[in-house]
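I have placed the structure first, in the form of structure tokens, so that the comments after it can refer back to it.
Remember, it's a predicted structure, so these values are computed and weren't measured experimentally. Quick note on labels: first sequence line is chain A, next is B, and so on, each numbered from 1.
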Number of protein chains: 2
Amino acid sequence: MATIIDVAKKAGVSKSTVSRVLTNNGYVSEESKQKVLDAMDEIGYIPNLLARQLQSGVTKTIGFIAPSYMSSMGKFLQVFMESAKNNGYFVNLYLTSGDKQKEIEALNQLKYKQVDGIFILTRTNEWDVIKPFKQYGPLSTWNRIEEDWIYSSFVDHYEGYLMALNYLYRQGYQKIGHVLGFYKNLNTKARVKALKEFHEVNHLPLDEKWLIQSNFKKNGGRQIANMWVESTDRPEVLAFYSDQTAAEFISEIELLGFSCPKDVGVLGFDNNEVSELMHISTVDYSLEKQASNSFAYLYNELNEKKIPIQELKIQLIERKTLRRL
Amino acid sequence: MATIIDVAKKAGVSKSTVSRVLTNNGYVSEESKQKVLDAMDEIGYIPNLLARQLQSGVTKTIGFIAPSYMSSMGKFLQVFMESAKNNGYFVNLYLTSGDKQKEIEALNQLKYKQVDGIFILTRTNEWDVIKPFKQYGPLSTWNRIEEDWIYSSFVDHYEGYLMALNYLYRQGYQKIGHVLGFYKNLNTKARVKALKEFHEVNHLPLDEKWLIQSNFKKNGGRQIANMWVESTDRPEVLAFYSDQTAAEFISEIELLGFSCPKDVGVLGFDNNEVSELMHISTVDYSLEKQASNSFAYLYNELNEKKIPIQELKIQLIERKTLRRL
DNA sequence: CTGTTAGCGCGTTCAA
DNA sequence: TTGAACGCGCTAACAG
């Protein structure tokens, strides 16, 4: 490994001079500069980033924590990384398998100065245990949370869900089932609020049996499909908290000889790849913009130059899993 | 940032002693050890990994290069990262968008000592430009390549494809269309060899029009669907090189009023999430094992302790997109 | 068993 | 405009 000193010797100058041309800092005569450049070329010199980072205390990399590889993550990760790359940052990916300890290890990377900031797609630990890491660098998340120590790129699921439910109502659906996410999630709470209001305003009975808290496990949608098939009092339509779960549901009922929207309507949420493939009507909420905002926040905290945060929109995408009037 | 020196002062020992208890190297009296431990606790000392790495020249992280976020990548990435984590490695992800320059930047991370080894899911640059990086650390790839400077975790697509085609034949399919990947890809070449042999042996005419070199672009499957619909001489079944493309094809023909396997049979390849969701018959070729092998190779090159390489198997998964006799 | 010393590779004063 | 010297935080060789 050639070092700055080898270059200095070769060029017949001191290592400080080499450092100066490397960083473009301070005065260097054209002559020495040329000598140094030539020497670097000859030797094939490569600066050691590690040493630089140790010196500057900056790694130019962001940690991306996710519980596991979810299909809805794809687009998000792609855009996040794109933004990062465009702004000179690398991305370190940590998959925790939903293991609290592993999440902490990943967060520790911030302490250990291995990353400058961290993005948490979906948290596993309580916020209380995550919060202390804030002192080591900026945090941002996809979870919905309204606090000042962490940035959350979220859209208002209350409004989004209400809009979606009203759409279902206009299509003539009356018996609506709801498949929600983790109950502690703020998005879930927002949705619960929306759906209670919706049922109340429209005088529709709310069947608690079809107010499902999905447990996030893989193939949760398939379990719900079996529930639905075995049910004696089936809802006409199911509104899911994610396209993935909706896709699993549809996949399973098809296996069981049912079809959609003939036997049951399905509304997804995310507008991800799978929903397009399977023609699932869904709600788009600017996932791409959320991703770039998530990075933008971290970047803005870390640098002087600011990237603007983009505004988010919610929009219903009509495809083929809901009946049309 | 508390350093090793702060701890030393607090404990009333020298920094070497602190270092010794930190690394469990050399002799330390129980007494000093306890003092140091207490001091670290009080101060809330966190070792700086960067400094350690600078010292040791090792980062314990592997670079994972992929052209873009592909859905088939999910399972692979998940398993790869799992193996890495279990063996004490981090993973740095680089998405290149198929940009050669970006791929080189990522490879440079190996030079810059930012990663100890690199895995290339799918290359963008020619092998010639990738090869020189081998001198900076071990390389491994998902591409098929048989050379000694890079490890390739591949299965024999010749045998796999032949097996699949024979299955189609046994199900009574005679007019078979083939959708292949990038023509320079060795897997594609292996498949071409297999299909030519298959058509020859079974005396089936090979319609060159349905020997398609997909261009890897997004929604390539949809284009093929349109081709198929407009064709006057449609094949009875299409064998795809990937589940993703097969899924796009099916999605599109459904949009156009056709269905599968009634109007056309479809065979995918990968056995990924999407194919399960959409009931696509496909070929499983131990993707998980390939992923863990890919990491295992890098690990083995980097360490004394060896992880065994697992053997791969190819297997046809029957679902619902092929007719059954 | 412990402290002193010398690096790892680089950036940055401070004089000259 | 340049070089000497110091420091980033840590490990390891050496002497005691």
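Residue B:Tyr27 has its side chain nearest to C:dC1 when only C:dC1, C:dG11, D:dT11 are considered. The side chain of B:Ser29 lies closest to C:dC1 when the candidates are C:dG9, D:dT2, C:dC1. Closest contact between the side chain of B:Thr3 and the listed nucleotides D:dC10, D:dT1, D:dA5 involves D:dC10. Side-chain proximity of B:Gln55 to D:dG9, C:dT4, D:dG3: nearest is D:dG9.
Residue A:Tyr45 is classed as a sugar-phosphate contact, given heavy-atom separations below 4.0 Å to backbone atoms only. If you check every strand for non-hydrogen atoms under 4.0 Å, A:Ser56 touches nothing. Across all strands shown, B:Val28 has heavy atoms under 4.0 Å from sugar-phosphate atoms exclusively, and none from any base. Residue A:Val18 is classed as having no contact, given no heavy-atom separation below 4.0 Å to the nucleic acid.
No salt bridge links B:Glu273 with B:Lys75; every basic N to acidic carboxylate O contact stays at or beyond 4.0 Å.
The interatomic distance linking A:Asn24 (CG) with C:dT12 (P) rounds to 12 Å, in whole Å. One can place CE of B:Met40 at 14 Å from C1' of D:dC10, the figure rounded to the nearest angstrom. Between the CD1 atom of B:Ile4 and the C1' atom of C:dG3 there is a distance of 13 Å, given to the nearest Å. Distance, A:Lys35 NZ to D:dT1 P: 14 Å, rounded to whole Å. The distance from atom CD1 of A:Ile5 to atom P of C:dC10 is 8 Å, rounded to the nearest whole Å. Distance, B:Glu31 CD to C:dT2 C1': 12 Å, rounded to whole Å. Atom-to-atom, NZ of B:Lys9 to P of C:dG3 comes out at 15 Å; the value is rounded to the nearest Å. Atoms CG (A:Asn48) and C1' (C:dC8) sit 8 Å apart, rounded to a whole Å.
Contact of the A:Leu287 side chain with the A:Asp270 side chain is not registered, since no non-hydrogen atoms from C-beta on lie closer than 4.5 Å.
In this structure, A:Tyr285 and A:Trp142 have parallel ring planes: the angle between them is below the 30° cut-off, well short of the 60° mark. Classified by interplanar angle (parallel below 30°, tilted 30° to 60°, perpendicular above 60°), the ring pair B:Phe295/B:Tyr299 is tilted.
Contact annotation: side chain of B:Lys15 to base of C:dT5, donor-acceptor pair absent below 3.5 Å.
For C:dG9, the OP1/OP2 oxygens have no side-chain nitrogen or oxygen of A:Arg52 closer than 4.0 Å. One finds no side-chain N or O of B:Ser16 lying less than 4.0 angstrom from the OP1 or OP2 phosphate oxygen of D:dA12. Proximity of B:Ser14 to the phosphate of C:dG3: a side-chain N or O atom is located under 4.0 Å from OP1 or OP2. The side chain of B:Asn25 contributes an N or O atom lying less than 4.0 Å from OP1 or OP2 of D:dA12.
Closest-nucleotide positions on DNA chain C for B:Leu54 and B:Thr17 were compared, and the one nearer the 5' end corresponds to B:Thr17. Between B:Ala51 and B:Glu30, the residue anchored closer to the 5' end of DNA chain C is B:Glu30, taking for each the nucleotide with the nearest heavy atom.
Here the straight-line distance linking atom OG of B:Ser16 with atom CD1 of B:Ile4 works out to 8.0 Å at 0.5 Å rounding.
Between the side chains of A:Asp116 and A:Thr59, a donor-acceptor pair is found at a separation under 3.5 Å. A:Tyr151 and A:Asn300 share no donor-acceptor pair across their side chains, judged by distance under 3.5 Å alone.
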Using the 3.5 Å cut-off, write out each protein N or O paired with an N or O of nucleotides 14-16 of chain C and the distance between them.
none

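Each of B:Lys10, B:Lys9, B:Lys35 was compared with B:Glu42 under the salt bridge (charged side-chain N to carboxylate O under 4.0 Å, His left out) criterion, and only B:Lys10 meets it.
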